[in-house]
Structures are given as C-alpha cells and as structure tokens.
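Working notes, structure below.
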Amino acid sequence: MSNILELKNINKTYRGKTEDLHILKDLNLEVEEGEFISILGKSGSGKSTLLGIIGLLDNFDSGEIYINNNKIDKFESNKLDRLKNKDLGFVFQFHYLLPEFTALENVMIPRLIEDFSNKKIIEEKAKTLLKKIGLGERYNNKPSQLSGGEKQRVAIARALINDPKIILADEPTGNLDEETSEEIHRLLQKINKENNQTIIVVTHSKELANITNKQYFVKHGKLVLEK
Ligand SMILES: Nc1ncnc2c1ncn2[C@@H]1O[C@H](COP(=O)(O)OP(=O)(O)O)[C@@H](O)[C@H]1O
Ligand SMILES: [Mg+2]
C-alpha cells in the first residue's frame, strides 16, 4: 500500500517575546491510504499545531510533507489551495457552520466555491451526504435549529463534499455528551470503512482512540506509536 501522507523531520517553533517554543521536533509520520489513526497527548503538547500543518493551514520551519505523493512546497499557494480543497476535509471541535445558511447550504458551500456552474449536481450530492449521516429530514434547518450532535454531523458532511482523500478532525467530540460522541465516533468509523477515506483524529477520548487502527501520542515534540 502506498502512503497517502508522509511527514519527514518536521520542525515547528513559535517565536515568543521572551522565549521560543520548539513544539514539534523532527517529527515523522507515515499514513497509508484508508488508515484511521488517532493522535493523543497532553493539552499543549502540539496536537492542533500538527493537524494545522498537515492540513496546510499553518506553516512549518523545516522538514518535508507529501500528500498523495505531492510534495508540499510552501510557496506555491495556488497548488496549496487546490490540495486543501480537494484532498483535505476538516472537522473541528466547534462546528463553524454559517448561521445564516441551512444545513444543506452549509454542506454545499465548499463545493460551490470550486464549481459554481453545477449547482444542481452539488445539491444532490449534499442531500445524499446528509441522508447518509442521518439528517435527511433536516436539510432546511439552520444551525440554531439543530442539536450539538446534529451540527457536528453537518460539519462532517461538509468536510466530505469534495471527496477528500484525508479527513482531519481536531477533537470532533470535545463539546458533546457521551452518547452523542459515540454516534459521531461510529459515523467516522463508517466513513472510513465504506469510503476508504483516511482519517486522522486528535482526541482525548479513549473510546474513539480504541476504534482507530493506530494510536499515536505527541511526546516531547515527536509522535510515539502506542498501538
Ligand atoms: N499561534 C501561536 N503562537 C504562539 N504559541 C502558540 C500558538 N499556537 C499554539 N501555541 C502554543 O503551542 C503549544 C501547543 O499548542 P497546540 O498545538 O494548540 O496544543 P494541543 O492541541 O496539543 O493542546 C501550546 O503551548 C500553545 O500555547
Ligand atoms: Mg488542540
């Protein structure tokens, strides 16, 4: 199997007024296509920083990143934007749904940005996704009319609309109760199994980590494989 993601000797330092924080130190990671992996670690250990770098949302100081065998070059911003939209889907702890738009519109938006001419097709696809995640009846509800778990499902559907190769989730159930969290965990597992989409999830949930193929801990700026 080939690696969908490879990080080689990644270094990241936050520059401070009084001192610098060298948060990632020669960090390495290889992820095969279709893997479901979890990243755990203490608060402040650098998990979100790492996910932001993998997601091309944040830059790094040195090292190499390959996504789907494309070497990421920090300076080619057009290429980065394309990769970001096409190959990566994001789910955060907070849903970041747009309050003025319906569930359906929120799911459609990342694809409409890419291709405004195929609105009907995109709408059908967004409906199919919402049905698949159990929100088929709620297309026209705005975020304020949905529960926390439902909003997070919409955010997941939105992350899937561009058929990303890799889904990155940063504490996706950090704001949800136990039962709702379990539903989201099962949904992520289903997406991974049925679509063979690679999932990298940062979590404090042992239960979620246990259903992933591999568990990594961020320790002293590196990833340590625990399972
Ligand atoms: N933009 C930033 N500037 C300076 N320091 C930051 C910035 N972002 C995060 N940090 C610091 O880097 C460390 C790691 O943060 P983060 O990656 O968010 O950790 P985690 O997600 O594991 O809790 C923390 O000490 C945090 O305060
Ligand atoms: Mg974090």
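In each ligand, atom 1 is the first atom listed, and ligand 1 is the first ligand listed. Reckoned from all heavy atoms, side chains included, excluding hydrogens, waters and symmetry mates. As the structure is a prediction and not an experimental result, all values here were calculated from the model.
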- Query: What do you think, any protein heavy atom under 4.0 angstrom from atom 2 (C) of ligand 1?
  - Reply: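 Under the 4.0 Å cut-off, atom 2 (C) of ligand 1 does have protein heavy-atom neighbours.
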
- Task: Look up atom 16 (P) of ligand 1 and tell me if a protein heavy atom lies less than 4.0 Å from it?
- Result: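 Yes.
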
Would you mind listing which atoms of ligand 1 come within a distance below 4.0 Å of any non-hydrogen atom of [X]?
| X | answer |
| --- | --- |
| Ser48 | 17 (O), 18 (O), 20 (P), 21 (O) |
| Ile23 | 13 (C), 14 (C) |
| Lys42 | 22 (O) |

- Message: For Phe92 and Phe94, I'd like to know if the aromatic rings sit close, meaning centre-to-centre distance below 6.0 Å.
- Response: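 Ring centres of Phe94 and Phe92 not closer than 6.0 Å.
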
- Query: To which of Gly221, Gly44, Gly41, Gly46 does the heavy atom nearest atom 23 (O) of ligand 1 belong?
  - Reply: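 Checking each option, the heavy atom nearest atom 23 (O) of ligand 1 is found in Gly44.
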
- Considering only heavy atoms, which of Leu21, Asp20, Thr13 lies nearest to atom 11 (C) of ligand 1?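 Minimum heavy-atom distance to atom 11 (C) of ligand 1 goes to Leu21.
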
- Query: Will you find, in the side chains of Asn210 and Gln215, an N or O donor that is under 3.5 Å from an N or O acceptor?
  - Reply: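 There is such a pair (donor and acceptor under 3.5 Å, judged by atom type) between the side chains of Asn210 and Gln215.
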
- Test item: side-chain donor near acceptor, Gln93 and Asn175, under 3.5 Å: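 Asn175 and Gln93 do have a side-chain donor-acceptor pair below 3.5 Å.
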
- Message: Any N/O/S atom from Ser48 (main chain or side chain) under 2.8 Å of the Mg ion (ligand 2)?
- Response: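 An N, O or S atom of Ser48 is closer than 2.8 Å to the Mg ion (ligand 2), so yes.
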
- Query: For atom 5 (N) of ligand 1, what's the nearest protein heavy atom and its distance?
  - Reply: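 Sorting protein heavy atoms by distance from atom 5 (N) of ligand 1 puts Tyr14 CG, 3.4 Å first.
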
- Message: Rounded at 0.5 Å granularity, tell me how far CD1 in Ile10 sits from CG in Leu24.
- Response: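 So the gap between those two atoms works out to 8.5 Å.
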
- If you round to the nearest 0.5 Å, how far is CD1 of Ile37 from CD of Glu30?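 Atom-to-atom, Glu30:CD and Ile37:CD1 are 11.0 Å apart.
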
- Message: Could you check whether any side-chain heavy atom of Phe101 comes within less than 4.5 Å of a side-chain heavy atom of Lys142, counting everything from C-beta outward?
- Response: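 No. Closest side-chain heavy atoms not under 4.5 Å.
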
- Are Glu6 and Leu29 close enough, and set up right, to give a side chain to side chain contact (heavy atoms under 4.5 Å, CB included), and what steps lead you there? CA-CA 6 Å; Glu6 211 168 320; Leu29 174 66; over 6 Å; no

